[in-house]
Amino acid sequence: PYGEGVNDSSVRKYLARKGLVHVFWSVDTNDWATPDPDELAADTIEQLRKITRGVVLFHDTKKQTAAAIDRIL
């Protein structure tokens, strides 16, 4: 939650022992704080254009995310 563990060496060591890789997002949509689907889509697309690719963080409980996802993808 909240990106916890990304810089925690004990978490990374545990995952490595299990043969797992910690994947962190590079685009935070802030969909929990952006109620307008049009704004959410525009902001997310702008972030993606700057870095050209990445891992995008979405929350599946947000209606605005569901409304914006087709435009973003």
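Quick note: residue numbers are just sequence positions, from 1. Keep in mind it's a predicted model, so treat the numbers as computed, not measured.
- For Lys13, the salt bridge (charged side-chain N to carboxylate O under 4.0 Å, His left out) criterion is met by no residue, not counting sequence neighbours.
- Residues that satisfy the salt bridge (charged side-chain N to carboxylate O under 4.0 Å, His left out) test with Asp38, not counting sequence neighbours, are Arg71.
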For residues 51-67, which side-chain N or O atoms pair as donor and acceptor with protein atoms under 3.5 Å away, sequence neighbours left out?
{"from": "His59", "atom 1": "ND1", "to": "Asp31", "atom 2": "OD1", "distance (Å)": "2.5"}
{"from": "Gln64", "atom 1": "NE2", "to": "Asp31", "atom 2": "O", "distance (Å)": "2.6"}
{"from": "Gln64", "atom 1": "NE2", "to": "Thr34", "atom 2": "O", "distance (Å)": "3.4"}
{"from": "Thr65", "atom 1": "OG1", "to": "Asp31", "atom 2": "OD2", "distance (Å)": "2.6"}

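- In this structure, the side-chain contact (heavy atoms from CB on, under 4.5 Å) partners of Lys18, at least two apart in sequence or on a different chain, are Tyr14, Leu20.
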Return all side-chain donor-acceptor pairs below 3.5 angstrom for residues 39-49, not counting sequence neighbours, or 'none' if the list is empty.
{"from": "Thr44", "atom 1": "OG1", "to": "Leu40", "atom 2": "O", "distance (Å)": "2.8"}
{"from": "Gln47", "atom 1": "NE2", "to": "Asp28", "atom 2": "O", "distance (Å)": "3.1"}

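- In this structure Asp8 satisfies the side chain to side chain donor-acceptor pair (under 3.5 Å) test together with Ser10, sequence neighbours excluded.
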